[in-house]
Amino acid sequence: IKMIWRFMLMTVFMVLVNGFISLSLFNQNAKLHESVTQLSNNSAEEITKEIAQNADEIEDLIAAPKTNEDSIQNAMQEIINKQNKALDSIKVTLTIANSTEERITGIDNLKQEMAANYKVLLNPNVDKTTKMEANQNLKALNTDLKRIAIAPTK
């Protein structure tokens with residue numbers, strides 16, 4: 001019975017020691033989470049800036065004279081592909097940063113809304129005014145993207 005009591009006391013002692021050691025690690029975990037969130041925000045901010053620049057490039061392509069429609073379409077498709085990769089990158093970053101499901105779903109919804117505008121931009125039968133409106137919609141969606149992608153700081 002003495003051995004059982006000694007074993008129980010040693011177990012309680014080890015649990016207490018482990019608890020004190022883990023307490024400092026818990027504080028490090030909070031700092032690490034804050035760091036990951038900050039890196040996520042910085043990455044998302046850079047990507048949203050790039051997407052805004054892409055929207056400006058698309059506007060320039062729409063305004064360009066229709067001398068070579070194929071090259072304009074190819075350039076536009078390339079920009080759209082870059083934007084889709086950027087959205088996927090933001091989604092992955094939010095997933096790694098353990099973001100809320102609401103934010104990740106918001107990125108998916110924005111990607112679908114942007115895809116509808118991309119179809120308008122890539123349609124050769126659509127007039128320039130409609131394409132400009134689609135690009136303005138993309139700029140508004142980019143603003144929404146920035147709001148969703150960048151976590152509020154404390």
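When a residue number appears, it is its place in the shown sequence, counting from 1.
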Stepwise side-chain contact (heavy atoms from CB on, under 4.5 Å) test for L87 and L145: CA-CA 9 Å; L87 288 170; L145 173 66; 3.6 Å; yes

Taking salt bridge (Lys or Arg N to Asp or Glu O under 4.0 Å) as the test, write out the residues that go with K139, two or more places apart. D56, E59

Calculate, to the nearest 0.5 Å, the distance between atoms CG and CD belonging to N135 and E133 respectively. 11.0 Å

Gap between atom CE of M114 and atom CG of D144 - 0.5 Å precision: 8.0 Å

Please check this pair: side chain of T105 against backbone of E101, looking for a donor-acceptor N/O pair closer than 3.5 Å. yes

Looking only at non-hydrogen atoms, find the nearest pair between I90 and I107 and report the distance. CG2-CD1, 3.7 Å

Distance in Å, N109 CG paired with E102 CD, rounded so as to fall on 0.5 Å steps: 10.5 Å

When rounded to the nearest 0.5 angstrom, what distance separates CG in D108 from CD1 in I148? 10.0 Å

What pairs with N142 under side chain to side chain donor-acceptor pair (under 3.5 Å), at least two apart in sequence or on another chain? none

Minimum heavy-atom separation for V120 to A134, with atom names? CG1-CB, 3.8 Å

N137: side chain to side chain donor-acceptor pair (under 3.5 Å) partners, not counting sequence neighbours: N117

Between N84 and K111, which heavy-atom pair has the shortest distance, and what is it? OD1-CE, 3.8 Å

Considering non-hydrogen atoms only, spot the tightest contact between E113 and L141 and give its length. OE1-CD2, 3.2 Å

Residues passing the side chain to side chain donor-acceptor pair (under 3.5 Å) test with T130, sequence neighbours excluded, are D127

Listed by chain and number, what are the side chain to side chain donor-acceptor pair (under 3.5 Å) partners of E78, not counting sequence neighbours? none

Throw together a table of side-chain donor-acceptor distances under 3.5 angstrom for residues 2-10, partners on residues two or more places apart or in other chains.
none

Taking atom CZ of R103 and atom NZ of K91, what is their separation to the nearest 0.5 Å? 14.0 Å

Which distance, rounded to the nearest 0.5 Å, do you find between the CD of E50 and the NZ of K85? 11.0 Å

Side chains of L138 and L121: closer than 4.5 Å at any heavy-atom pair? yes

Is any side-chain heavy atom of R147 closer than 4.5 Å to a side-chain heavy atom of T143? no

Test Y118 against every option in I79, I80, N123 by the side chain to side chain contact (heavy atoms under 4.5 Å, CB included) rule and name the one that passes. I80

